Amino acid sequence: MDRQMHPVPDWAGSASMTAEGYRVAYDAARTDPDGYWGEQAQRLDWITPFTVVKDTSFAEADFRINWFADGQLNVAANCIDRHLDTRADQVAILWEGDAPGAERRITYRDLHEQVSRLANVFKRLGVARGDRVTIYLPMIPEAAFAMLACARIGAVHSIVFGGFSPESLANRIIDCDSRIVITADGGCRGGKPVPLKANVDAALDHDGVAVDHVVVVRHSGTEVTMKPGRDQDYATLMAQASPDCPAAPMGAEDPLFILYTSGSTGKPKGVLHSSGGYLLWAAWTHQHVFDYREGEVFWCAADVGWVTGHSYVVYGALANGATTLMYEGVPNYPDHSRFWQIVDKYRVATFYAAPTALRSLMREGDEWVKKTDRSSLRILGSVGEPINPEAWEWFYRVVGDSRCPIVDTWWQTETGGHLIAPLPGAVPLKPGSATLPLPGVLPQIVDAEGKVLEGATEGNLVIADSWPGQMRTVWGDHDRFFQTYFTTYPGKYFTGDGCRRDEDGYYWITGRVDDVINVSGHRMGTAEVESALVAHAKVAEAAVVGMPHDLKGQGIYAFVTLNSGVEEDEALRAELVQWVRREIGPIATPDALQFAPALPKTRSGKIMRRILRKIAENQVDALGDTSTLADPAVVDHLVANRIEPG
Ligand code: ATP
Ligand code: MG
């Protein structure tokens, strides 16, 4: 289903990287990583310059990952202080609230003051270098202040997405043993209140939680109970704190944050990132993958509770002195035009979102987009799941008016930033492909035994050598880190994703390796079958899983969400089955097709296929860890309406 290559836009000549520049950089990073990254790292301010660049090995005998190890820097100073001479009055954070009309503008000068005060508040509450601070806040500027305040004093933050339950919050507080939580009275999403402080209270009742201090930002106006001696008001503490706080010199390998993965495939892992290598990777990719230009408004629509929010709402964007937009709400409130109204209001140049959000808007029709202007947009980006070619085309044609390149960025919490993504202006696009690896990234496709496959092929995606933004360990369990990522294919980082490489060397993520379906000996990625279903005019979203089948080994079970207003009936079910058969071939014919008003997703919007697999297999009492599920009711509905494969 390769479609046409999309041309590079007419501003390509002024892009931060040209086609030739990309080839040169890729070769330089491959043949001389020390020279290449030593030079690229000069984009950061170092307190003590490093003398060693890369010191890494994926082999068991001398396993280690160090970058710039003897250098010292401070991440907050890189994101704030060094910009003060030139851009103190420039807006650093543009905040748009859930309710239209609510907005705040934080300049770099304001950011410096707020972060310094909060760093002093943390110190006063006993937070020292290396201590963990749990951040459980809505998408408000205070979330960024808290991250940067930790970085300023060398504390390690662990953000827990505001949509998580008290149970999930408690588990994450216990896992990293944090003694302090910063939260808000409440959040607001789509006009509905989120009881953050009440959730914290419930989490702190769990056995094993040993939190001494809770700092509470007043945001929603929700009434809360404040426990004397434990809970304190943010504004009061901030008013008492000094606006002067020196930035602590930190080793490049000192930890910056812990972030638990989404839990799409199992129990979340505490992914730990470094200060120097991580910041370089976030800043480098923000610059080149988004072709970031001075003065432009950059909008990454992800929550700071996800790695995408860490690297592109906050660290990468601010390290580059950008104006970053932070939006508290959801795509469809008050109506389906909200994203595009915000784009127009702030003249947004770059818009970066997840396929799940795009598909949910796409099913409502084009009018919601068309009635807005969007002429400020220059680059569009996608992240989190494979973007189906159909959704890609919609994003390109309808949202971008066929003017804006789409950067489909493949990466993981573990990778710190993009690994495979097109550089706009340098790399021609193919809808549905993340295209080519960035400089410093050595992807390989291997078979089940680890044999490296060359040329156009399909298999498991591994990365052959270290890059600066790589995670350094699983918090508290270095052995789990090694076991999880470096033992399946010894000497290589295993991504867990399946991948195809085409004749042009382009990479196509086919889904997670665990999700690969094997029908009569033919291996099929879930992404391919799902894309075929989504290409049907009446289908909004689809999830496909394998299930045991007597004759074929595995059969295909498809869950299908229809567009708004389309009726479910037997004729349509049969039509969709035939449609897949025609689009891909008889081998891909679904054995069961269940209509699903909604699909089970993680709170970051990813489809949880492992749960769907259990439903398809009719093992509904063995659903596994469901704590990261956004809406458990969705699963009950699917279980009740399961169909027997024919
Ligand atoms: P867990 O590791 O806990 O199961 P998760 O893998 O969903 O959860 P993330 O780190 O948020 O956690 O997601 C990374 C994964 O998302 C990738 O491994 C890949 O499967 C998918 N992904 C991300 N971006 C893309 C993309 N552009 N194209 C295809 N797949 C993507
Ligand atoms: Mg993962």
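Here, residue 1 is the first one in the sequence, and each next residue gets the next number. Whatever order the structure lists them in is the order used to number ligands and atoms, beginning at 1. These figures come from a predicted structure and were not determined experimentally.
- Applying the 4.0 Å criterion to heavy atoms of W411 picks out, from ligand 1, the atoms 14 (C), 17 (C), 23 (C), 24 (N).
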Between side-chain atoms of residues 448-455 and protein atoms elsewhere (two or more places apart, or another chain), which donor-acceptor pairs fall under 3.5 Å?
none

Solution key, residues 395-407 side-chain donor-acceptor pairs under 3.5 Å, sequence neighbours excluded:
from: D401; atom 1: OD2; to: R374; atom 2: NH1; distance (Å): 3.3
from: R403; atom 1: NH1; to: L377; atom 2: O; distance (Å): 2.9
from: R403; atom 1: NH2; to: R374; atom 2: O; distance (Å): 3.1
from: R403; atom 1: NH2; to: L377; atom 2: O; distance (Å): 3.3

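- For the pair A596 and F559, the tightest heavy-atom approach, listed with the atom from each and the gap, is CB-CB, 4.4 Å.
- Closest of all the heavy-atom pairs between L533 and A558 is CD1-CB, 3.9 Å.
- Close contacts between ligand 1 and T409 involve ligand atoms 24 (N), 25 (C), 26 (C), 27 (N) [criterion: under 4.0 Å to a heavy atom].
- Checked for salt-bridge contact, K601 and D631 miss the test: no charged N lies under 4.0 Å from a carboxylate O.
- Residue contact check: T261 has heavy atoms under 4.0 Å from atoms 1 (P), 2 (O), 3 (O) of ligand 1.
- With a 4.0 Å heavy-atom cut-off, ligand 1 is reached by no atom of I387.
- Checked against the 6.0 Å centroid threshold, H273 and Y315 do not count as a close aromatic pair.
- Contacts between I509 and ligand 1, counted as non-hydrogen atom pairs separated by less than 4.0 Å, involve the side chain only.
- Proximity annotation for atom 6 (O) of ligand 1: of Q412, R610, K606, R512, R512 comes nearest, heavy atoms only.
- A donor-acceptor pair under 3.5 Å links the side-chain atoms of T183 to the main chain of Y136, judged by distance alone.
- Counting heavy atoms only, P386 comes closest to atom 30 (N) of ligand 1 of the residues P386, A527, S433.
- In W306, neither the side chain nor the backbone holds a heavy atom less than 4.0 Å from any atom of ligand 1.
- Counting heavy atoms under 4.0 Å from ligand 1, residue D497 touches it through the side chain alone.
- Between G384 and ligand 1 there is a heavy-atom distance shorter than 4.0 Å.
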